Amino acid sequence: LYISTSETAQVASVLSKIKDKPVLTVSSIPSFADKGGMVEFIIKSNRVTLRINTTHARNASLVIDGDLLGIAETVS
């Protein structure tokens with residue numbers, strides 16, 4: 001589920017409705033991975049980087065590929 005930055009005010013409500021369900025959540029909302037999301041896109045030095053919250057993914061019974069984790073910053 002991609003959550004657009006236009007939905008920043010509703011992100012907590014959306015995430016609470018799907019909490020612990022097997023739904024991968026992705027967004028570029030600042031601090032998304034810290035707020036309950038799983039994959040956050042960040043622009044650094046004109047490059048897209050990822051922050052992945054492995055705890056939230058695990059709680060939703062999802063497994064993030066090791067290769068993807070190898071190129072991302074992990075948050076737990």
Side-chain angles (χ1 to χ4, degrees):
L1 172 65
Y2 179 79
I3 303 174
S4 172
T5 55
S6 65
E7 302 302 316
T8 299
Q10 290 82 16
V11 74
S13 173
V14 171
L15 291 174
S16 71
K17 289 178 182 174
I18 59 171
K19 184 177 180 171
D20 298 334
K21 291 190 171 47
V23 177
L24 180 69
T25 56
V26 180
S27 185
S28 58
I29 293 172
S31 300
F32 181 72
D34 298 318
K35 296 176 182 175
M38 296 175 201
V39 179
E40 177 183 346
F41 295 114
I42 300 173
I43 306 268
K44 285 185 181 177
S45 303
N46 292 324
R47 298 184 77 147
V48 176
T49 61
L50 303 173
R51 291 182 75 227
I52 299 176
N53 191 311
T54 55
T55 300
H56 294 144
R58 192 175 325 106
N59 289 345
S61 300
L62 300 176
V63 177
I64 307 294
D65 184 84
D67 291 337
L68 187 59
L69 291 173
I71 64 167
E73 174 187 339
T74 57
V75 179
S76 36

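Heavy-atom basis, side chains included; hydrogens, waters and symmetry copies ignored. All residue numbers in this chain count up from 1 along the given sequence. Values in this document were obtained by computation on a predicted structure and should not be read as measured data.
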Over all atoms of both residues, closest heavy-atom pair of [X] and [Y]:
X   : Y   : answer
A60 : M38 : CB-CE, 3.6 Å
I52 : A72 : CD1-CB, 3.6 Å
S4  : I29 : O-CD1, 3.7 Å
Y2  : S28 : OH-OG, 3.5 Å
S76 : N53 : CA-OD1, 4.1 Å
L15 : K35 : CD1-O, 3.7 Å

May I have the step-by-step check of side chain to side chain contact (heavy atoms under 4.5 Å, CB included) for L1 and V14, ending in yes or no? CA-CA 10 Å; L1 172 65; V14 171; 4.0 Å; yes
With a 4.5 Å cut-off on side-chain heavy-atom distances among I, L, V, M, F, W and Y, is there a chain of contacts connecting [X] to [Y]?
X   : Y   : answer
V23 : V39 : no
I18 : F32 : yes
V26 : V48 : yes
F41 : L68 : yes
L50 : I43 : yes

Rounded to the nearest 0.5 Å, how far apart are CD of E40 and OG1 of T25? 10.5 Å
Could you give the distance from NE2 (H56) to CG (D20), rounded to the nearest 0.5 Å?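 Reported to 0.5 Å precision, the distance equals 9.0 Å.
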So if I apply the side chain to side chain contact (heavy atoms under 4.5 Å, CB included) rule between V75 and each of T55, D34, T54, which one comes out positive?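 When T55, D34, T54 are each tested with V75, the side chain to side chain contact (heavy atoms under 4.5 Å, CB included) holds only for D34.
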Side chain to side chain contact (heavy atoms under 4.5 Å, CB included) with D67: which of L69, I71, D65? D65
Is the shortest heavy-atom distance from the side chain of R51 to the side chain of I42 under 4.5 Å?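 Contact flag for R51/I42 side chains = yes.
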